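Please read all numbers here as calculations on a predicted model, not as lab measurements. Throughout, numbering of the chain's residues begins at 1 and tracks the sequence.
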Amino acid sequence: MRTRRKQEVVDWTVDLPPGWFMMPLDELSPSEQSEWIDEVIAELRETAIEPGSPAALRTELAELRADLRRQQNPWLNAAVLIRPETVMTVGCLLLTSIIELDEGEGPDAFEAGVEEAFARPARGTRTHSSRVWRESIDAGELVGSFQRFEIVDYGEGMGTVEDRTVFGVFPENCIELIRLEFRTWDLAAFSDFIDETSMIARSARVALANVA
């Protein structure tokens with residue numbers, strides 16, 4: 001029997017609904033960063049019914065971009081959902097990356113890792129609800145997870161609640177997975193956070209090539 005050659009990801013994409021904007025993580029001059037933010041605000045003003053003030057959004061985007069750049073992860077990509085009503089704010093952050101799989105790793109190991117993380121959260125993190133599921137999509141096998149969690153500040157005795165979905169897309173016979181992580185601290189940003197982020201993950205399209 002002829003063994004199929006392993007493949008790797010050479011390109012991939014997902015369908016982002018209106019209101020989402022790719023965030024450049026390469027080095028930008030202050031003027032280039034301002035130009036990108038101005039372009040985002042201009043599009044929001046054109047498309048939103050009653051666009052709010054963008055004053056706080058400028059600082060929010062600049063600080064978020066700086067935080068992500070400090071990770072110094074060359075494989076990381078990011079996009080943001082902007083809520084334009086009343087005051088323009090970031091409603092959700094999407095982080096994506098391609099991760100090489102070690103021998104024997106796949107959807108089972110990914111699912112087990114997510115469940116282990118839920119069972120043993122970091123200090124100061126309290127999970128309110130969570131679940132993990134699997135399904136087949138056009139791009140391969142999809143492992144999805146949801147977690148509503150609270151990060152507690154022990155000094156102040158207060159916490160912030162966030163929702164997070166994490167997806168692993170596993171193309172068949174591929175040595176890499178595509179990871180998508182959605183995080184929102186604005187619990188009113190979505191009608192159905194799990195469903196809407198799952199739809200984006202399901203839209204993944206992947207181009208593969210044989211490993212050299």
Side-chain angles (χ1 to χ4, degrees), residues 9-99 137-139 142 144-148 160-169 178-207:
V9 177
V10 294
D11 192 22
W12 72 278
T13 186
V14 293
D15 296 329
L16 291 175
W20 283 92
F21 299 87
M22 295 301 300
M23 173 176 283
L25 297 183
D26 49 342
E27 186 173 352
L28 298 178
S29 68
S31 62
E32 289 172 330
Q33 177 171 277
S34 294
E35 182 179 352
W36 168 68
I37 295 174
D38 287 342
E39 290 174 354
V40 170
I41 292 171
E43 183 171 335
L44 289 167
R45 282 174 167 161
E46 287 182 3
T47 57
I49 297 175
E50 295 183 3
S53 168
L57 181 63
R58 294 180 184 277
T59 300
E60 189 176 11
L61 288 176
E63 291 180 349
L64 183 56
R65 205 181 83 86
D67 288 343
L68 295 175
R69 279 185 49 79
R70 276 193 286 270
Q71 296 183 23
Q72 296 184 331
N73 182 349
W75 296 279
L76 186 68
N77 291 291
V80 286
L81 172 68
I82 308 297
R83 294 193 67 187
E85 311 91 352
T86 310
V87 176
M88 293 184 185
T89 59
V90 175
C92 185
L93 171 66
L94 166 60
L95 301 176
T96 69
S97 57
I98 297 175
I99 300 174
I137 61 175
D138 291 343
L142 178 71
S145 66
F146 164 76
Q147 179 187 28
R148 173 165 289 179
T160 57
V161 177
E162 295 185 22
D163 280 353
R164 173 168 56 194
T165 50
V166 177
F167 300 92
V169 178
I178 300 166
R179 185 182 187 277
L180 303 94
E181 176 180 349
F182 297 83
R183 296 185 64 171
T184 182
W185 42 93
D186 181 351
L187 302 188
F190 295 85
S191 298
D192 188 321
F193 179 65
I194 297 175
D195 182 63
E196 291 175 51
T197 57
S198 295
M199 288 291 291
I200 295 173
R202 293 186 190 111
S203 74
R205 296 182 296 279
V206 184

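Here Leu44 contributes atom CG and Met88 contributes atom CE; the two are 5.0 Å apart, rounded to the nearest 0.5 Å. The CZ atom of Phe167 sits 9.5 Å away from the CD1 atom of Ile137 when rounded to the nearest 0.5 Å. The CG atom of Leu57 sits 5.0 Å away from atom CD1 of Ile82, with the distance rounded to the nearest 0.5 Å. Leu81 contributes atom CG, which lies 11.0 Å from atom OG1 of Thr197 (distance to the nearest 0.5 angstrom). If you take CG on Leu142 and CG on Asp138, they are separated by 11.5 Å, rounding to the nearest 0.5 Å. One distance of note links CZ of Arg83 with OG1 of Thr184; it measures 8.5 Å at 0.5 Å rounding.
Side-chain contact check for Trp185 versus Leu93: some heavy-atom pair is nearer than 4.5 Å. Counting heavy atoms from C-beta on, the side chains of Gln147 and Val166 never come closer than 4.5 Å. Side-chain atoms of Leu16 and Ser203, non-hydrogen and from C-beta on, never get closer than 4.5 Å to each other. Between Ser198 and Phe146 the shortest side-chain heavy-atom distance does not fall below 4.5 Å. No side-chain heavy atom of Arg65 sits less than 4.5 Å from a side-chain heavy atom of Leu61. Thr96 has its side chain within reach of Trp12: a pair of non-hydrogen atoms, C-beta onward, lies under 4.5 Å apart. Residues Trp75 and Ile98 have side chains not in contact (no heavy-atom distance under 4.5 Å, counting atoms from C-beta outward). When side chains are defined from C-beta on, Phe21 counts as touching Glu43, because their heavy atoms get closer than 4.5 Å.
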Please list, one pair per line, the donor and acceptor atoms closer than 3.5 Å that link side chains of residues 23-31 to other protein atoms, with sequence neighbours excluded.
| unit_1 | atom_1 | unit_2 | atom_2 | d |
| --- | --- | --- | --- | --- |
| Ser29 | OG | Ser31 | OG | 3.1 |
| Ser29 | OG | Glu32 | N | 3.2 |
| Ser29 | OG | Glu32 | OE1 | 3.4 |

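The two residues Ala62 and Ile37 make their nearest non-hydrogen contact at N-CD1, 4.4 Å. Of all the heavy atoms in Glu196 and Ser191, the pair that sits closest is OE2-N, 2.9 Å. Shortest non-hydrogen contact noted between Trp20 and Ala79 is CZ3-O, 3.8 Å. The shortest heavy-atom contact between Met22 and Trp36 is O-NE1, 3.3 Å. Taking both residues in full, the closest heavy atoms of Val169 and Ala139 are given as CG1-CB, 4.0 Å, listed atom of the first, atom of the second, then distance. Between Pro54 and Arg45, the shortest heavy-atom contact is CG-NH2, 3.3 Å.
Listed for the Glu60 side chain is a donor-acceptor partner under 3.5 Å among the backbone atoms of Val90.
The local environment of CG in Asp186 is crowded, with over 12 non-hydrogen atoms from other residues, nucleotides or ligands closer than 6.0 Å.
Between Arg164 and Glu162 there is no salt bridge, since no side-chain nitrogen of the basic residue lies less than 4.0 Å from a carboxylate oxygen of the acidic one.
Looking at residues two or more places apart in sequence or on another chain, you find no salt bridge (charged side-chain N to carboxylate O under 4.0 Å, His left out) involving Arg69. Scored by the salt bridge (charged side-chain N to carboxylate O under 4.0 Å, His left out) test, Arg205 finds Asp15 as partners (sequence neighbours excluded).
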